[in-house]
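In listed order, ligands and their atoms are each counted from 1. Fair warning: this is a prediction, and the values are worked out from it, not measured in the lab.
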Amino acid sequence: MATQETDVDRFIDQNLITETLEEAQPTDGSRLDDLLAKARSLAGLKVAEAAELMLVDDPEHLAAMYETARGIKQGIYGNRVVLFAPLYVSNECVGNCLYCSFRRDHTKLDRRTLNTAEIERETRWLIEHGYRRLLLVFGEHPHTRVENLVESVEAVYSVSVGEHQDRIRRVNVNAAPLSREDFEILKPAGLGTFQVFQETYHRETYERMHPDGPKADYDWRISVWDRCLPAGIDDMGLGVLYGLYDWRWDTLALLKHAEYLMDRYHVGPHTISVPRLEPAAGSEFSTNSPWMVGDDAFKKLVAIIRMAVPYTGMILTTRERSEFRSELMEIGFSQISAGSKTSPGAYTEEEDYVDDTGQFELGDHRSLDEVMLSLCEQDYLPSFCTACYRSGRTGEHFMELAKPGEIQTFCLPNALLSFKEYLLDHASPETVAEGERVITEHLAQIESDAIRRKTEEKLRRTAEGERDLFI
Ligand code: SAM
Ligand code: SF4
């Protein structure tokens, strides 16, 4: 059934997606070359073309696909990797999603929504450990209405720490979809990306996974951006929870959704998240799903998304194991979480934090500094940059810059400046040593003499004590 806001079935035509998958033919060498050349031109891929690439199995052809995805990632994002942490505000939930440990029927879980003072305390801890970007996460509950979202975002921005008055500079939110009126209330709080994962686009599976509660309404969830964008919030975070249904089907539907947003609003998703189903306390389904996605298929889908929507940021979380995270970053991701804890209050209260108090089990337990060090050792440039948002480069404007790869002009210098702050204020001696090497090497890569000189000057001012400098 279609909603009043949008004709959902028009852009996610369930039968058409199934047909596209069934009709896709394996590619021979020359067809593959054509598709990869198109991807390399940053023109993106049509949904039917992505379906063809899903059939690639030959190891050499797969290697060519990964190399193409890697080249696209490098061309647009370079070696930069943006880091963030989730801050779980609430695990109270009226939802009963079969895969999540916050589900209503999981009665053994201690439920809690942080108050303003507790949010501020968690925020202070995160700032003191070097974080500058947070994702606030909420269950769906009367305690997490829009007013609570606004209060939480404001509480995070209100905290300043130490002589440099360090602050969180970007707050993203992952919460249940809002009405247009509620998005209008939220906007002035100054949030960054609003994330809503469709979980699965396959309507029948969606309805089985969400047996009751507000989330049972597929159309309300999928039409979230048709309320969010008109309310003036244009950084949208889309996602699929891989493991609920056939990864091929859901990836095509996700790409369709992105296509629809581009066609209708001229703004693609700001980010795409690809969480994989992890074991969750109180959820039998989370370990029994018939649709679990193996590492090889996961790598393939990441490469396909990277080629199909080259301008979109991709987010990798600590759900994935540390060794595999390094491999995946090569082919597509531009943002990663690090040092995450997934229960409310866990950063400041739970010294012996274990996953079964959180939302699901994590695969990467390293601290932020350990992740930073390992990124530097692989020649990545860790970044906390938020300059674009604060200079108004969001939504459609961001896309215009990101598409031809021009975002590099701003991003490389700003990544260097935000990383320098981390090295000066928070890093271990090993990370400082590796990090300074990474800074020197990347500074040399800035092509414009004028921008390089400006960056050098701001790095020097940062070393002398100034903070939050950007280009
Ligand atoms: N309650 C809001 C909602 O459902 O949209 C937002 C918060 S929910 C805590 C954030 C995301 O966690 C969900 O959208 C889902 O994709 C993911 N998630 C839930 N259970 C998971 C599991 N067992 N493994 C991995 N990710 C999971
Ligand atoms: Fe609640 Fe969201 Fe978890 Fe569903 S996924 S149970 S709505 S927190």
_Where ligand 2 meets Lys215 - atom numbers and elements under 4.0 angstrom, heavy-atom basis_ = 2 (Fe), 4 (Fe), 5 (S), 7 (S)

*Looking just at side-chain N and O atoms, do Tyr265 and Asp226 make a donor-acceptor pair shorter than 3.5 Å?*
yes

*Given Leu83 and Phe384, is the side-chain contact (heavy atoms from CB on, under 4.5 Å) satisfied, shown in steps?*
CA-CA 6 Å; Leu83 287 115; Phe384 289 107; 3.9 Å; yes

*Would Val196 count as a contact of ligand 1 if the rule is a heavy atom under 4.0 Å away?*
no

*Output field: ring centroids Phe333/Tyr77 closer than 6.0 Å*: no

*Heteroatom proximity flag, Glu278 to ligand 1, N/O under 3.5 Å*: yes

*Polar-atom distance check: Phe138 versus ligand 1, any N or O pair below 3.5 Å?*
yes

_At less than 4.0 angstrom from any non-hydrogen atom of Leu241, what atoms of ligand 1 do you find?_
16 (O), 25 (C), 26 (N), 27 (C)

*Verify whether one side chain among Arg366 and Ser374 offers a donor that lies under 3.5 Å from an acceptor in the other.*
yes

*Looking only at non-hydrogen atoms, which of Ala175, Cys93, Ser90, Ala176 approaches atom 7 (S) of ligand 2 most closely?*
Cys93

_Per atom 10 (C) of ligand 1, closest listed option by heavy atom (Val240, Asn174, Thr200, Val224)_ = Asn174

*Look at ligand 1 and say whether Lys215 reaches it with a heavy atom at a distance under 4.0 Å.*
yes

_Only heavy atoms of Arg103, strictly under 4.0 Å: list the atoms of ligand 2 that pass._
6 (S)

*Under 6.0 Å between the ring centres of Tyr206 and Tyr218?*
yes

_Using a distance threshold of 2.8 Å, state whether an N, O or S atom of Cys97 lies below it from atom 3 (Fe) of ligand 2._
no

*Which atoms from ligand 2 have a heavy atom of Cys100 less than 4.0 Å away?*
3 (Fe), 5 (S), 6 (S)

*Find all atoms of ligand 1 within a distance of less than 4.0 Å from any non-hydrogen atom belonging to Ala280, and give their numbers and elements.*
23 (N)

*Backbone, side chain, both or neither: what part of Phe197 comes under 4.0 angstrom of ligand 1, heavy atoms only?*
side chain

*Cation-pi between Arg167 and Tyr157: NZ/CZ under 6.0 Å from ring centre and within 45° of the ring axis?*
no

*Within 45° of the six-membered ring axis of Tyr66 and under 6.0 Å from that ring's centre, is NZ or CZ of Lys299 located there?*
yes

*Can you sort out which atoms of ligand 1 are near Val137, meaning under 4.0 Å from one of its heavy atoms?*
7 (C), 9 (C)

_Region of Arg221 that comes within reach of ligand 1 [heavy atoms, distance under 4.0 Å]_ = side chain

*asked:* In this structure, is the centre-to-centre distance between the rings of Trp247 and Tyr242 below 6.0 Å?
replied: no

*Would you verify whether the NZ or CZ of Arg227 falls within 45 degrees of the ring axis of Trp220 while also being under 6.0 Å from that six-membered ring's centre?*
yes

*Can you label the angle between the His129 ring and the Trp125 ring as parallel, tilted or perpendicular, going by 30° and 60°?*
parallel

*Pull out every atom of ligand 1 sitting under 4.0 Å from any heavy atom of Arg276, numbered as shown with elements.*
24 (N), 25 (C)

